[in-house]
K.L.:
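Questions regarding the structure given below will be posed in turn.
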There are 2 protein chains.
Amino acid sequence: MGYKHNKEDILEVGYQVIRKNGYHHVGINQILKEAGIPKGSFYNFFESKEDFAIQVIQYYGEGNRSWLKGIFQESTETPINTLKSFYKLLIGYNEDDNFCSGCLINNMGNETGRLYDSLAKETKEQFDHWLDLIAEIVKKGQEAKEITNRFGAKEIANYLHSGFYGTFFKMKVERSRKDMDTWLKMTFEFIRA
Amino acid sequence: MGYKHNKEDILEVGYQVIRKNGYHHVGINQILKEAGIPKGSFYNFFESKEDFAIQVIQYYGEGNRSWLKGIFQESTETPINTLKSFYKLLIGYNEDDNFCSGCLINNMGNETGRLYDSLAKETKEQFDHWLDLIAEIVKKGQEAKEITNRFGAKEIANYLHSGFYGTFFKMKVERSRKDMDTWLKMTFEFIRA
DNA sequence: ATCAAATTAGACCAAATGGTTTAGTTTTGA
DNA sequence: TCAAAACTAAACCATTTGGTCTAATTTGAT
């Protein structure tokens, strides 16, 4: 039957709350309350807030990685359109979310990257895994002569996703998708073969 | 003679501390200690922590704006090279800073943009002023046929600076300028006429 | 059935948080 | 010169922070 609470549920709540509010702005008590678990259980599963954050990043990173994999595998479009649709999808998700949260990885990296080596390391690792998947599609696009060959596939993948992260700043302060749409339009003009 | 403390000194300290550590991670007491002022003086100048943050953003935004103006005015290079040198300079500053802090505006926008309307508004405003200055140079570059005409000057300016912000994530978690250099190389290939 | 391990529960803790208050000191301008 | 305004100083406050502790309960393996 298992016990009453389990790690994944706490991680899911933590992921949502931290993504929306940031790391330092969120206290453990808040997560506890929203997850409906007592403190004893939390510290049974996690050593500290920092340890919890690492596992949240892992949880989100891995979940997202398999989601990505699925999306790319199932796509029936050409490589460059697969990528474009993917970013369109992400923009849509952020719109549904009222342009509030952005990406946990980007948020955590920017807020805590220089403060805690442990979080920086985990953040970077998960991001790199995503990049590998994106780079695969970029490479296919290059082979299909859809995407420029002037730069390496991994370089372009990084350019894409980091560039996308750059749009979160304005998304959050303007609460609008306008800049994300412009970014999409321009970037995919630029990387075209 | 004036009083012992003045707003600007506190703002300068606050700017440094918040840029490096974020908004929620920094307590007023820490700023007080580093600025060497008692709490009474602080709350004489500022209504609240939030009010203080707004003024820090303003202070930094305006200071940076005139700095930018000077740089662009004094530049003897062609428009596109003026811009490239400018971003090279920024990358250098971040290197000197051990890739720690990034940009206050980007940090604050990402950390607090959706949490406090007041901070979002001020952040967006200062960013927009910068963008106007960058767009001026972009326009000159377009007129000189150095920069692509496929997109508007303001669009390109936004693309440049937001893209640059996107590189901060990896800068912080990798503590390296590698990705920023790659971004520079690629972006200026892309926007070329 | 029993027992050790895992989990639950929440009271408790010291330290830090943003902020208020009160009292005193300087400065300014009429 | 002198009163009002601006500023300094720090003790104080309720609340919240991350984290500990102890005791009870539940679980799975034997």
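Convention: sequence-line order gives letters A, B, ...; per-chain numbering from 1. Computed over heavy atoms, backbone and side chain alike; hydrogens, waters and symmetry mates excluded.
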K.L.:
Distance check needed: D/dC7 P versus B/Ile10 CD1, whole Å only.
P.N.:
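Atom-to-atom, B/Ile10 to D/dC7, this comes out as 10 Å.
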K.L.:
DNA chain D: A/Ile28 or A/Gly40, which has the more 5' nearest nucleotide?
P.N.:
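Looking at DNA chain D, the more 5' nearest nucleotide goes with A/Ile28.
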K.L.:
Could you tell me how far apart B/Ile37 (CD1) and C/dT25 (P) are, to the nearest whole angstrom?
P.N.:
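After rounding, the reported distance stands at 20 Å.
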K.L.:
Considering only C/dG19, C/dT8, D/dC7, which nucleotide approaches the side chain of B/Tyr43 most closely?
P.N.:
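From the listed options, C/dG19 comes nearest.
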K.L.:
Rounded off to whole Å, could you give me the CD1-to-P distance for the A/Ile31 and D/dT17 pair?
P.N.:
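Whole-Å distance recorded here is 10 Å.
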K.L.:
Going by an N to O cut-off under 4.0 Å, is there a salt bridge joining A/Arg19 and A/Asp97?
P.N.:
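Yes, charged N to carboxylate O under 4.0 Å.
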K.L.:
For A/Lys33 and D/dT17, what is the distance between atoms NZ and C1' respectively, to the nearest whole Å?
P.N.:
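Atom-to-atom, A/Lys33 to D/dT17, this comes out as 15 Å.
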K.L.:
Whole-Å distance between D/dC21 C1' and A/Phe42 CZ?
P.N.:
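Those two atoms, CZ and C1', are 17 Å apart.
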K.L.:
Would you indicate what A/Phe45 reaches in the nucleic acid, counting non-hydrogen atoms under 4.0 angstrom: base, sugar-phosphate, or nothing?
P.N.:
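Touches sugar-phosphate only.
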K.L.:
With a 4.0 Å cut-off, would you call A/Lys185 and B/Glu155 a salt bridge?
P.N.:
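Salt bridge flag = yes for B/Glu155 with A/Lys185.
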K.L.:
Between D/dT17 atom P and A/Tyr23 atom OH, what is the distance in whole Å?
P.N.:
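That distance rounds to 13 Å.
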K.L.:
Given C/dT7, is OP1 or OP2 found less than 4.0 Å from the side-chain N or O atoms of A/Asn44?
P.N.:
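Checking C/dT7 against A/Asn44, a side-chain N or O does come within under 4.0 Å of OP1 or OP2.
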K.L.:
In whole angstroms, how far is the C1' atom of C/dT7 from the CZ atom of A/Phe46?
P.N.:
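Taking atom C1' of C/dT7 as the reference, CZ of A/Phe46 is at 13 Å.
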K.L.:
Would you indicate which nucleotide in D/dG19, C/dT7, C/dG18 comes nearest to any side-chain atom of A/Ser48?
P.N.:
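Shortest atom-to-atom distance from the side chain points to D/dG19.
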K.L.:
Does one side chain, of B/Asn64 or B/Lys69, offer a donor that lies under 3.5 Å from an acceptor on the other?
P.N.:
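Side-chain D/A pair, B/Asn64 to B/Lys69: absent.
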K.L.:
Given atom NZ of B/Lys39 and atom C1' of C/dA23, what is their separation to the nearest angstrom?
P.N.:
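Roughly 18 Å, once rounded to whole Å.
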K.L.:
Using OP1 and OP2 only, check whether a side-chain N or O of B/His5 sits under 4.0 Å from D/dA9.
P.N.:
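It does, given that an N or O in the side chain of B/His5 lies less than 4.0 Å from OP1 or OP2 of D/dA9.
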K.L.:
Taking atom types as they are modelled, is there a donor-acceptor pair under 3.5 Å from the base of D/dT26 to the side chain of A/Tyr3?
P.N.:
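Side chain to base: pair present.
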K.L.:
Any chance the side chains of A/Ser48 and A/Asp51 put a donor and an acceptor closer than 3.5 Å?
P.N.:
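Checked: A/Ser48/A/Asp51 side chains show no N/O donor-acceptor pair below 3.5 Å.
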K.L.:
NA contact type, B/Lys49, heavy-atom cut-off 4.0 Å: base, sugar-phosphate, or nothing?
P.N.:
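Sugar-phosphate, backbone atoms only, no base.
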K.L.:
Using only heavy-atom distances, determine whether the side chains of B/Gln58 and B/Glu122 contain a donor-acceptor pair under 3.5 Å.
P.N.:
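The answer is yes; a qualifying pair exists.
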K.L.:
Of B/His25 and B/Lys4, whose closest DNA chain C nucleotide lies nearer the 5' terminus?
P.N.:
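So the residue in question is B/His25.
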